[in-house]
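A short worksheet on the structure shown next.
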Amino acid sequence: MMNTLSTEKTAEKPFRKTGNPVELTSESPLHPRRKSHRIMVGSVPVGGGAPISVQSMTNTLTANVPATLQQIAELTAAGCDIVRVAVPSQDDADALPEICRKSPVPIIADIHFQSKYVFQAIDAGCAAVRVNPGNIRKFNEVGPSICKAATDAGISLRIGVNAGSLDKELYAKYGGPTPEALVASALKEAHMFEDVGFHDFKISVKHHDVITMVETYRLLASKGDWPLHLGVTEAGPAWQGTIKSCLAFGALLAEGIGDTIRVSLSAPPVEEVKVGCKLLEYMGLRPRKFDIISCPSCGRAQVDVIQLASAVTEGLKDVTAPIRVAVMGCIVNGPGEAREADLGVASGNGKGQIFIKGKVIETVPEDQIVDTLLTKAQEIAAQMEADGLVPVNATGPVVVPIQHPNR
């Protein structure tokens with residue numbers, strides 16, 4: 001989690017940290033991070049080299065405080081750093097004080113159309129507000145007041161545009177939600193805030209198309225040093241949205257672009273967090289946690305690798321210790337991958353060789369492979385927990401396919 005600033009500092013009011021020397025920084029192993037200025041979302045730093053944070057959004061009725069807090073707790077347990085809640089009604093706005101007071105992570109209020117809810121969200125203690133200047137009524141008149149209220153409260157804002165809510169004039173000028181149109185809209189909003197001396201905001205320019213989204217963020221990143229919130233909007237069902245988000249985020253993060261992310265899926269919000277956390281982990285932007293390496297099914301496999309990997313994954317779904325388990329099905333890559341993992345099995349001829357830290361510790365019949373791996377993994381995890389080596393808010397396993405070299 002990113003909210004690891006000291007208790008003393010998180011208690012300060014206002015949360016004015018923008019431009020201060022960074023206490024938390026994160027570099028990519030692939031490319032230097034783009035230089036952006038830092039803002040704070042509650043205790044979570046965004047931009048300025050801060051570790052990339054994972055966001056999600058509740059899908060409960062915000063006015064249903066118990067249900068919303070329960071989902072926030074689930075998101076936090078999965079590794080979410082910042083949670084956004086929708087505020088489309090007065091009942092939702094009235095629920096914000098209790099939600100902010102009881103939430104374990106910073107809360108962002110998502111406001112459209114009604115500017116009065118922005119001020120209520122600020123007064124309620126929200127760590128930030130997502131404001132859409134494109135659809136806030138009479139924003140030119142209320143915008144300066146919003147900036148002043150945010151400044152007085154010491155909170156940040158998020159602005160930006162989605163392809164589906166592009167200003168009609170810009171849509172006509174550029175012939176649709178092109179990268180140039182989306183960036184023009186974002187720059188218009190950014191200058192609107194900066195003209196009244198407000199700089200504590202991040203920008204998003206989301207699109208459902210991966211290529212358009214990547215081109216848009218690249219263009220926006222070249223125009224200024226604002227912290228950027230990455231998202232592929234309306235990405236689709238879980239499998240499709242995961243692919244789209246990983247492609248788009250992977251491309252941008254590999255270039256050092258991006259300060260906070262949300263994986264948007266037509267799926268339970270906790271699944272968004274799992275994908276986002278693992279994406280950052282595999283990009284080298286978060287410490288490695290628990291994962292499972294498994295080979296694909298192929299004609300060389302002498303066991304049912306799909307069933308074996310699924311059974312091990314299910315059996316270890318609650319393990320959060322940062323261990324790597326290799327589930328391999330043939331003699332070509334099996335021994336090598338199993339040897340490199342913390343725990344592994346190389347299967348074949350009705351049996352499996354069990355490896356721990358590169359050494360074969362025993363050979364078991366095929367029908368004992370799963371139980372043996374589960375037992376050994378639990379033992380390793382228990383020892384790591386006893387040694388204090390399990391990260392806070394660590395997450396469970398994700399299957400990582402290993403492709404055979406000649407397939």
Inset, instruction - Please identify each residue that fulfils side chain to side chain contact (heavy atoms under 4.5 Å, CB included) with Asp387, with sequence neighbours left out. - result: Gln383, Leu389
Inset, instruction - Carefully, step by step, assess Leu253 and Leu280 under the rule side-chain contact (heavy atoms from CB on, under 4.5 Å). - result: CA-CA 9 Å; Leu253 294 172; Leu280 294 180; 3.8 Å; yes
Legend entry - Test item: Thr62 side-chain N/O and Ala86 main-chain N/O as donor-acceptor pair under 3.5 Å: yes
Inset, instruction - Go through the side-chain N and O atoms of Asp259 and Ser36 and say whether any donor and acceptor fall under 3.5 Å apart. - result: yes
Inset, instruction - Tell me yes or no: between the side chains of Gln71 and Asn59, is some donor less than 3.5 Å from an acceptor? - result: yes
Legend entry - Distance-only side-chain donor-acceptor flag, Arg84 / Thr58, under 3.5 Å: no
Legend entry - salt_bridge(Arg218, Glu255) N-O dist < 4.0 Å: yes
Inset, instruction - Consider only side-chain N and O atoms of Asp92 and Ser89, and report whether a donor and an acceptor are under 3.5 Å apart. - result: yes
Inset, instruction - Answer yes when Glu98 and Lys102 have at least one side-chain N-carboxylate O distance shorter than 4.0 Å, and no when they do not. - result: yes
Inset, instruction - Before accepting this row, confirm whether a basic side-chain N of the pair Arg286/Asp81 lies closer than 4.0 Å to the acidic partner's carboxylate O. - result: yes
Check: residues 322-329 side-chain donor-acceptor pairs under 3.5 Å, at least two apart:
unit_1: Arg324; atom_1: NE; unit_2: Asp291; atom_2: OD1; d: 3.3

Inset, instruction - Give a yes or no answer on whether the side chain of Lys376 reaches the backbone of Leu343 with a donor-acceptor pair at less than 3.5 Å. - result: no
Legend entry - Identified side-chain hydrogen bond (donor to acceptor under 3.5 Å, both in side chains) partner of Ser204 from the options Arg130, His229, Arg158: Arg158
Legend entry - Test item: side-chain donor near acceptor, Gln90 and Gln114, under 3.5 Å: no
Inset, instruction - Say whether Thr233 and Ser264, considering side chains only, have a donor N or O and an acceptor N or O under 3.5 Å apart. - result: no
